[in-house]
Each structure stands twice: as C-alpha cells, then as structure tokens.
Amino acid sequence: MSIPIPLPNGCSGLSGSPKKKSIVKNLFKTIGESPVFALRPGVTSIADDRGACRGLGIFRNGDTGNEEVVGVYGNDLLRITIVNDRVQKEVRPADVEIEVLGSIPGLGVCEIVGGFSKLCIIEVGTFGYVYDETDGLEQITDPDFIAAASVDYDAGRFVFVPADGSPFYWSKLDNPASIDPQNFADAERFTDPNKYVKFFNDSIVIGGTRSHQRFNYDPTLDTYITFQGEGSTIGYVGGLTDYGESFAFIGLGNDGGFNMYVYGPTGPALISNDFIAELLNQNYSLIEIERATANTIEWKGTTLTFFDLPRHTLCFYGSGWCFVQSGITGSQIDKWQINHIQQAYGYFWTGDNKRGSIGMLMDNGLEYGEEIESGFQFNVRGTENTQVSVRFVYAEVTMGTSQQDREPRISLQTSEDGRIFSYPDYQTLGKTGHYNDGVRWGGDEPVGRFNGGATMLLLSYGDVAINYDGVSYA
C-alpha cells in the first residue's frame, strides 16, 4: 500500500536544515478544492531583435479611444497592436503591427503611465517624456520637472517622486509636461527620502526608504493632505507591481531585513516566508534589490506575482512561492529571462533583457520553442538513526498533447543529505494523445535505502504543459 506525500505549498525551509527544505521550480499551486501543481506560462515570440525591454504600459489613444500596448525596447518607443483578429485565441506575428513612436535614449528602466489622452514615460532617474497623437513624442522641458524615480496617475494628475528623494510633485490635469511650482508636498510624519508613488483606493501611497504614508487630494486646498491615521515604518527597496486592487513590493523591515509585502488597508502586510527572507538577505545587497522589477498576472484563476532579481526570479501565488527560470539546470536554479509583462487585448505581452523579443505568454510548455523544466523537491521522513527503505515512488501526472510527437520526460533524483543528488532516472510520459499518466520508479529494484529519510527531486521536460496531481511511495 502506497503512502501519499502531500504536495508542498512551495519553497520553504532554511539552508541549515536541507532535509526539511522544499523547493519548487516553474510550478505554481492552483486555487480550488483540489489544488495541483500547474506549469507556469510559456512564451512565444511575436518579433525578435527589438532590443532589451526597458518597460511596458498601456496608452488610451485619444483619437480612437482604444487601449494600446506601448513599450520601450532598446531605444525605441513602440506601439503594439493587433490588426488581424482571429476566431480562435491565437495570435501570429503577421497579425501584429509594431510602430515606432519615437526614441527614448539610455539604458535604464522606464516607467510608462497613461492618462486620458497623453502618455508619460520616465527613464528612472533621468529624463521624462510625453506622447500624444497630435504632437508625437516630446521631452518634458518644464523647469519644475525634476528627474523622477517613479510616476503614477491620480484623477487626472501625473504624480512624480524625484530620484533624489525630495518631496513629490504633480502635473496639471492630464498634462505631465506642465507643472506648477507650488504643486509639491511631503510626508508629515516621516523624514526619510521618498522612493515611489502608487495609486491606491482613491488615494496615493508614497513609499520611502523607511516608511509608507497615504495621501488624499483636497480640491479645496488644491494640494495633497495626509490620509488620517495612516502610516507604516516598513520601508521600500524595489520590485513594485500591481497586485489586484493593491500592489506588492520588496521592503525593508524594522529589523533591517528584506522581505516581500502587499499593501493593504492597514499598510504593508508580509507575504514572504522563512525561505524567501533567507534567500534575499543572504544573497543580495541593497543596491541589487533596488534594481529589481516585478510583474503580476492572473493565470488559470491564480494570481502570479514575479519578482525579477539579478540571479533569481521568484513567483508568489498566494499559498506559496516558487522559482521561475529559463533553461534546463537540473538541481540548480537560474533566472527567467522575461522582465516585463503587460495585459492587453486579452493576452499577456512580454519583454526580456536577453533576446530582445516582443513575446506573448502561452499555455504551451515552451519558452521561445525550448522545453520548460519544472518540478519540486520533497522529503520522505524517517526517524533519526534508522534506515528508510523506499521500494517505489509514483507520480500522478496530467499533461496536454505533445505538439511535435516527442515523448515528454520526467526524472527522479534522490539524496540522503538534501544537498548532493543522484543522477537522474528518466521515464517517458507518452506521445501525442496521452493526457493522463502515472510514472513509477522502483519495484523489483527498490529506489533505495536512506538513513533517517530521503530528499527527492522530480523534474519534467517536454513541449506540453505538465501538471502534477500527486506523489506517493512505499
């Protein structure tokens, strides 16, 4: 009789106890009565060699009233539209028109925020630009414009946070290029440098190096005033992204440590666990995390938030965390090459900092035509100083249809100490038309005997979306 092994919620545990750690790669746990591990989105290319993506956003075209995807790829500001809608949910390169709207010099990350008729683009820490259908792309030359680290839109006003951390300021209605010299405000409770601005519940939130504070615009006073009773001593570091009706970020706690947070009605709420906190604080400096970017999507009914760091990409899916990566690395971890995502026209459009491709998320098990490696590490527990015999391991797997008549593979690796793993033992999952399969290791020859228990790693590879429904052993 086999013993079910509960699927881990995600990455957890500390490096000092490797046999108790769980590691998940390129899989997220679905929401529902019967959660399973589902493969993260694949990526298909719409256009190559456009340059590293520096930012993506949405623009409301003042002439047509339609929302359009805009992005900075290399030094080009591009408009990306679908010109040939198909009956089925499929977009091909020939269906997409890519138009150069102007040039954004530099190499830095760009923030792109749209108003009713004008689009604001800032290269973080340097210049600002405005685009509309009448005048095209122009640099902001107003003498009261200060090089900005962040920009957002609040009821017609473009609100900027200067890169030097000084008081935030805002534009005239729907014109980011026009700023009155008296349109400045600052936190009343905190004196730390300002870092970003984000719209939240008909107000704005200003994040500083050691604080967060909300503000409301008072039309009678013609200025922003402190939201009554609001304030937090959690600081902001990097990786800002929308999260439902709120937003998420990497912050600095009162203990001086890095953690992930979601902003809520009472301020920042912790979402990172011990595994994530250790990874951030043992592997990254303040400067590296300041450069992090983040993106959030809804995929298969689950909110996925990706934090792109220099050497890792972390995904939060509500009940846990996983690593997201490109390429096949076995028991090692790499990072995902996608760094910007924007939802529009019923699709998720992507940019990356490696290939320079305009891409689209797809549920196809492939990233730019290459297989996606996915899997998780789990533990078979035993009593200390006793041997655990594992006769077989059984993985229950659901997969789609192979697109190229290849046989997707799945491998098992074992470890006694949680650090050094055996060579992978590969099994096939079947060819085209096989939708549900189980894979078994061991039987006549047992999987092995392990002192005090075993750590096991399942990894799968194929040109299909492969989901894990359960694992058991005997």
>> Do E68 and T81 pair up side chain to side chain, a donor and an acceptor below 3.5 Å, judged on atom types alone?
In response: no
> Is the closest side-chain donor-acceptor distance between Y224 and R157 under 3.5 Å?
Replying inline: yes
>> Between I250 and L309, does the side-chain contact (heavy atoms from CB on, under 4.5 Å) criterion hold? Intermediate values first, please.
In response: CA-CA 11 Å; I250 308 173; L309 295 156; 4.0 Å; yes
> Is there a side-chain contact between K195 and L240, using heavy atoms and a 4.5 Å cut-off?
Replying inline: no
>> Could you tell me if T303 and E298 have a donor-acceptor pair between their side chains, going purely by distance under 3.5 Å?
In response: yes
> Under 4.5 Å between any side-chain heavy atoms of K29 and V36, yes or no?
Replying inline: no
> Can you find a heavy atom in the side chain of W299 that is under 4.5 Å from one in the side chain of L361?
Replying inline: yes
> Would the F215 and F168 ring centres measure less than 6.0 Å apart?
Replying inline: yes
> Are side-chain N/O atoms of T241 and T296 paired as donor and acceptor at under 3.5 Å?
Replying inline: yes
> Taking atom types as modelled and ignoring hydrogens, do the side chains of Q337 and E367 form a donor-acceptor contact shorter than 3.5 angstrom?
Replying inline: yes
> Testing V72, V100, L56 for side chain to side chain contact (heavy atoms under 4.5 Å, CB included) with L78, which one passes?
Replying inline: V100
> Going through the checks in order, is the side-chain hydrogen bond (donor to acceptor under 3.5 Å, both in side chains) test met by T302 and T30?
Replying inline: CA-CA 6 Å; T302 303; T30 58; 5.8 Å; no
>> If you apply the rule side-chain hydrogen bond (donor to acceptor under 3.5 Å, both in side chains), what do you find for D132 with T134, and how did you get there?
In response: CA-CA 6 Å; D132 64 29; T134 301; 4.6 Å; no
> Parallel, tilted or perpendicular for Y347 and W349, by the 30°/60° rule?
Replying inline: perpendicular
> Hey, do the aromatic rings of F37 and F376 have their centres closer than 6.0 Å?
Replying inline: yes
> Is there a donor-acceptor contact under 3.5 Å linking the side chains of N9 and S319?
Replying inline: no
>> Looking at every heavy atom in both Y73 and G51, which two are closest together, and how far apart are they?
In response: CD2-O, 3.6 Å
> Cationic tip of R355 within the cone over Y368's six-membered ring, i.e. under 6.0 Å and within 45° of the normal?
Replying inline: yes
When the side chains of residues 202-210 are checked against the rest of the protein, which donor-acceptor pairs come out under 3.5 Å, sequence neighbours left out?
from : atom 1 : to   : atom 2 : distance (Å)
S203 : OG     : F200 : O      : 2.5
S203 : OG     : R214 : NE     : 3.1
S203 : OG     : R214 : NH2    : 3.1

>> Under a plain distance cut-off of 3.5 Å, with no hydrogens placed, do S150 and K198 share a side-chain donor-acceptor pair?
In response: no
>> Using side-chain heavy atoms (C-beta onward) and a distance below 4.5 Å, is L7 in contact with V471?
In response: yes
> Side chains of S272 and N259: is there a donor and an acceptor less than 3.5 Å apart?
Replying inline: yes
> Would a line drawn from the ring center of F160 to the ring center of W170 be shorter than 6.0 Å?
Replying inline: no
> Are side-chain N/O atoms of S460 and Y468 paired as donor and acceptor at under 3.5 Å?
Replying inline: yes
> Is there a side-chain contact (heavy atoms from CB on, under 4.5 Å) between D352 and C53 once you walk through the steps?
Replying inline: CA-CA 5 Å; D352 65 72; C53 184; 5.9 Å; no
> With K172, which of D142, I179, D180 fulfils side chain to side chain contact (heavy atoms under 4.5 Å, CB included)?
Replying inline: D180
> Going by atom types only, do Q325 and T313 share a side-chain donor-acceptor pair under 3.5 Å?
Replying inline: no
> Is there side-chain contact between S117 and D174, with at least one heavy-atom pair below 4.5 Å?
Replying inline: yes
> So V151 and C120, side-chain contact (heavy atoms from CB on, under 4.5 Å) or not? Walk me through it.
Replying inline: CA-CA 8 Å; V151 61; C120 180; 4.3 Å; yes
> Residues in ring pair (Phe, Tyr, Trp, His ring centres under 6.0 Å) with F249, at least two apart?
Replying inline: H212, Y236, Y261
> Should F275 and W321 be marked as a ring-ring contact (aromatic ring centres under 6.0 Å, His included) after you check the CA-CA gap, both sets of side-chain angles, and the distance that decides it?
Replying inline: CA-CA 9 Å; F275 182 95; W321 291 84; 9.4 Å; no
> With ring centroids as reference points, do Y131 and F59 lie under 6.0 angstrom apart?
Replying inline: yes
> Side chains of T293 and N339: is there a donor and an acceptor less than 3.5 Å apart?
Replying inline: no
